[in-house]
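This report concerns only the one structure given below.
For reference, positions follow the sequence shown, starting with 1. Numbering of ligands and ligand atoms starts at 1, following listing order.
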Amino acid sequence: DVGHLPVDKKVDSTCPYCGVGCLLTFNVRGDRILYVEGRDGETNHSRLCVKGRFGFDYVHHPHRLTKPLIRREGAPKTPELLDPARMHEVFREASWEEALDRAAGGLKRIRDQYGPKALAGFGSAKGSNEEAYLFQKLVRTGFGSNNVDHCTRLCHASSVVALLECIGSGAVSNPVADVMQAEVIFLIGSNPTVNHPVAATWIKNAARQGAKLIVADPVRTEICRFATHALQFRPDTDVALLNGIMHVIVEEELYDQAFIAKRTEGFDNLRHHLKHYAPERVAPVCGIPADTIREVARLYATSKASMILWGMGISQHVHGTDNARCLISMALMTGQIGRPGTGLHPLRGQNNVQGASDVGLIPMVFPDYQPVGDPKVREFFERLWDAKLDPEPGLTVVEVIHAIEKGQIRGMYIEGENPAMSDPNVAHARAALAKLEHLVVQDIFLTETAGFADVVLPASAFPEKTGTFTNTDRRVQLGRPAIDPPGEARQDLWIIQEIARRMGLDWNYSGPREVFEEMRRAMPNIAGITWERLEKEDSVIYPCGKEGDPGQAVIFTESFPTTTGKGLFVPAEFTRAAELPDDDYPFVFITGRQLEHWHTGAMTRHASVLDAIEPYPVVQMNPLDLAGLGVAPGDLVTLESRRGRVSAYARADLGMQRGTAFMAFCYNEAAANLLTNEVLDPDAKIPEFKFCAIRVRPGGEL
Ligand code: SF4
């Protein structure tokens, strides 16, 4: 109980972790956050998970960057991670003036010598909307190309591609809390207890109140305790299972003929395609009995309100876009969209991945998903930004790494991203980062990626800044500063602006509010949200086109934002993962997160409580597989793929299927992404993090 501790001030803000975006209050004494409380509001009704409540003291960690760093003359760049003990041999401290001149000077030299496409920028889904907006504007108008991307490429790019293609918008149709109005909840490829814990509480409460909860996942996760139907299908067989469900809906005429006729196109094409997916045919493929497939199809199609939620188990596949296309088709054919308690909700991962995508931190669209290739759109932004813009979409995250290898990209600016941990086949990504002629990294810790930098710029942590953040429900929420950045660390917005000025842009934004005003002019979806209203209400949902508009929680009620106003059925053929298990590599390797750690661990591994709960890398496997290997829980094992090898402690997990292994990707001493496959979904360019072949043997080193 910390409530009795005397505090100097209470600061209302939001959680810096997952896309649920819980409202919270920082309790501050002096320059320290003492404790955090949940705050009442639509998003979380005062609830917080372990990360939100106990994961804040990373901001006070002694390893925070407090001074700009410059790589010492002659310090070699090698593909290995920098040993923190050698940091002073590799970097020297510098003044802001020198570091900014060096950072921008190197980028400018490459742009002028090799052309705009020799540069790329990775912005951050952890930073604010204003930071992401300015970052993409800098790359587009200062670097001169659309080579700007961020971690959405690694999480929901395939969901967004499918949603844009089929219903014209990448946003969720209904907020998570709408599950309370659903009769049937279809949750697939998502472990919300771990990844969106407060969102999971709505789902559990809905199930307790009588909603039918269908959980489909290759791993039997904790939320299955609340499920009426738990479909533990074989990894990678999503399209077969979902087409089987839709086959039943068509065969038994459970679809909504009126909705299909009025609001969709392409149904006959899909109906024809589904003939090959009778449940009896797909049952042996996905490992779910045909009768169960039929029962689930009937429940979903015939309920008064059915809602689909999904996570990265759907999106992170070489056929991730196809997986999402199937889910959209299910909703369209049954008319389960456009009403409370229905619809499509891809649960966003990072706290601001929705907002960073909305403001254009992606290579193929300007803010509000307006295509860079559309001359009218380009003309608008050229006028707004007073710059000539590139009509060609830029390179995505993994494509940038390949372009570095080929010598096409020579310089990069990375703000708050950690590709040396988060990219697939990460040894490959590290070798590419080491090859860059000039790398500028802006972050709060000397991350694994910063070890490859020429200049490191110390930035501000979440509780040290003002800015807006957009959660998974499309809620734009205000984050407020509780403390100052340590030492000489500076606001990200200031740093981006200083780099922009040195690259020839005449920027003079006075702060986040002025940037937000420009965003409102660029983005029709948030045009009606004023800064004053955010200060008063904290959280406003979009679309909100006009001032005073309450915002719309449920969208697509009358039509879809496509050229015809109709939703499009896009059939998906069942295909397999790029690398299947064989005699040499018999296990399927799946990556994801743990409850206590977040993304590459840069923040949570510096949070004392969280790191104390999960201090070591673990691999979760079925106890029978462990016994077969002669391994006891807690023993070290070594996992090896065709690309790399890591050791971790074995954890017995009855929820894992035989022949599968799961690891979080936050441990730099055992980086799960040393094993993963960099093959990409052809439409969304998302890597296949959820499936590659490995072998496991007892023993190892950590
Ligand atoms: Fe933070 Fe997400 Fe937990 Fe809410 S559910 S407290 S946003 S990590």
Side-chain angles (χ1 to χ4, degrees), residues 2 11-27 33 35-59 124-129 151 155-156 172 175-177 179-180 187 190-206 221-223 309 311-312 345-356 461-463 467-480 482 538-539 541 592-611 613-614 664 666:
V2 288
V11 178
D12 289 344
S13 191
T14 70
C15 175
Y17 291 111
C18 84
V20 179
C22 294
L23 303 178
L24 52 71
T25 301
F26 292 118
N27 289 273
I33 299 172
Y35 62 96
V36 169
E37 292 167 302
R39 193 154 56 92
D40 199 16
E42 290 291 321
T43 311
N44 55 316
H45 292 239
S46 304
R47 297 166 203 185
L48 293 177
C49 77
V50 67
K51 285 192 286 287
R53 194 173 298 281
F54 298 113
F56 57 88
D57 68 346
Y58 70 93
V59 297
S124 177
K126 297 190 269 295
S128 69
N129 287 326
C151 71
C155 58
H156 266 305
V172 301
V176 179
V179 293
M180 298 302 288
L187 178 72
S190 167
N191 184 0
T193 314
V194 162
N195 297 310
H196 304 88
V198 169
T201 64
W202 304 123
I203 299 171
K204 291 173 184 177
N205 287 351
T221 57
E222 186 271 349
I223 205 160
L309 300 101
M312 283 155 224
H345 192 118
L347 287 152
R348 308 290 165 161
Q350 297 213 9
N351 61 329
N352 198 35
V353 72
Q354 178 69 57
F462 188 96
T468 64
F469 299 81
T470 307
N471 82 346
T472 190
D473 288 341
R474 296 179 266 106
R475 287 188 178 283
V476 181
Q477 311 197 114
L478 196 59
R480 297 182 178 87
D538 283 342
S539 171
I541 205 162
R593 295 194 201 145
Q594 290 171 310
L595 172 62
E596 291 79 7
H597 287 301
W598 190 64
H599 210 244
T600 65
M603 289 153 69
T604 52
R605 293 205 78 196
H606 290 101
S608 56
V609 173
L610 301 177
D611 204 45
I613 300 173
E614 283 287 10
C666 57

When the ring centroid of His196 is compared with that of Trp202, is the distance short of 6.0 Å? no
Would you check if Cys15 and Val20 make a side-chain contact, meaning some heavy-atom pair closer than 4.5 Å? no
Atom 2 (Fe) of ligand 1 neighbourhood, protein N/O/S only, threshold under 2.8 Å: Cys18 SG
Main-chain N/O of Gly55 paired with Tyr17 side-chain donor or acceptor, under 3.5 Å: yes
Looking at Arg475 and Asp538, is there a salt bridge between them, counting it only when a charged N and a carboxylate O are closer than 4.0 Å? no
Would you please say whether a donor-acceptor pair under 3.5 Å links the side chains of Asn129 and Thr470? yes
Counterpart residues, salt bridge (charged side-chain N to carboxylate O under 4.0 Å, His left out), relative to Arg593 (two or more places apart): none
